[in-house]
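Structure, as structure tokens:
Just so it is clear, the model here is predicted, and its values are computed rather than measured. Just the heavy atoms: all of them, side chains too, but no hydrogens, waters or symmetry mates, feed the values below.
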Amino acid sequence: INTFTLFPIKKSSKVELGDQGEEFIYQYEIARVSEYDNRLTNKVHLLGKTRGLGYDIQSIIADGTDKSEFVQYIEVKATVRTTLPEKKNDG
């Protein structure tokens, strides 16, 4: 999985930005679990709109160990960088 894939962010409210972040991680988890075993992608759930849970995505570990099908819970926080990164001179 290419973790550096650009995700188009629209100028939006904090709520909309949070929703976009959750969707990005949800799609990432679908792809990650699919690489492990495509039939297990139905165990990835986007639950950000469910009140009172304390997490946004329910997924599985999917790491090739005996715990691969164990549930993991993901809380997503999203932000947008508003300044350019500093260029470091390594030379």
Side-chain angles (χ1 to χ4, degrees):
I1 298 172
N2 180 358
T3 57
F4 297 105
T5 300
L6 294 178
F7 185 71
I9 300 292
K10 299 175 259 175
K11 288 190 177 187
S12 51
S13 71
K14 289 181 183 180
V15 171
E16 292 169 325
L17 178 60
D19 291 346
Q20 291 173 46
E22 289 172 9
E23 180 64 26
F24 176 78
I25 298 302
Y26 174 70
Q27 294 301 325
Y28 175 85
E29 281 297 299
I30 292 285
R32 186 185 67 79
V33 170
S34 178
E35 283 185 6
Y36 172 71
D37 186 337
N38 193 50
R39 71 179 177 82
L40 296 174
T41 57
N42 66 339
K43 294 188 178 232
V44 180
H45 303 284
L46 179 58
L47 302 167
K49 298 295 183 200
T50 305
R51 297 179 76 91
L53 285 181
Y55 58 90
D56 300 309
I57 297 169
Q58 179 179 313
S59 188
I60 61 170
I61 294 173
D63 64 356
T65 68
D66 59 346
K67 296 182 180 179
S68 287
E69 293 190 39
F70 282 28
V71 173
Q72 70 174 346
Y73 302 99
I74 303 167
E75 171 65 21
V76 178
K77 300 294 180 194
T79 188
V80 175
R81 184 179 201 132
T82 58
T83 61
L84 293 174
E86 291 183 28
K87 185 175 181 181
K88 292 188 178 184
N89 231 349
D90 293 338

Problem set entry | From I25 atom CD1 to R32 atom CZ, the distance as rounded to the nearest 0.5 Å | 10.5 Å

Seminar exercise, completed: So CG of D19 and CG of L46: to nearest 0.5 Å the spacing works out to 8.5 Å

Problem set entry | Distance-only polar pair, side chains of E23 and Q27, donor-acceptor under 3.5 Å | yes

Seminar exercise, completed: So CD of E29 and CZ of F24: to nearest 0.5 Å the spacing works out to 11.0 Å

Exercise. G21 and A78: which non-hydrogen atoms are nearest, and at how many Å?
Worked result: CA-CB, 3.9 Å

Exercise. In the single-linkage hydrophobic clustering (I, L, V, M, F, W, Y; side-chain heavy atoms under 4.5 Å), do I61 and L40 co-cluster?
Worked result: no

Problem set entry | L84 CG to K87 NZ distance, which is reported to the nearest 0.5 Å | 12.0 Å

Exercise. So which of Q72, H45, K43 actually passes side chain to side chain contact (heavy atoms under 4.5 Å, CB included) with S59?
Worked result: Q72

For this session: Let me see the working for K77 and E75 under salt bridge (charged side-chain N to carboxylate O under 4.0 Å, His left out), right down to the final yes or no.
Result: CA-CA 7 Å; K77 300 294 180 194; E75 171 65 21; 3.2 Å; yes

For this session: Starting at CD1 of I74, measure out to OH of Y28 and round the result to the nearest 0.5 Å.
Result: 9.5 Å

For this session: Kindly say whether E22 contributes a backbone atom to a donor-acceptor pair with the side chain of D56 at under 3.5 angstrom?
Result: no

Problem set entry | Exercise: identify the closest heavy-atom pair between V80 and L17 | CG2-CD1, 3.5 Å

Exercise. When hydrophobic residues are tied together by side-chain contacts of less than 4.5 Å, even through go-betweens, does Y73 share a cluster with L53?
Worked result: yes

For this session: Would you check, one step at a time, whether the test side chain to side chain contact (heavy atoms under 4.5 Å, CB included) holds for S68 with D63?
Result: CA-CA 5 Å; S68 287; D63 64 356; 3.2 Å; yes

Problem set entry | Rounded distance (nearest 0.5 Å) linking atom CG of L47 with atom OH of Y26 | 9.0 Å

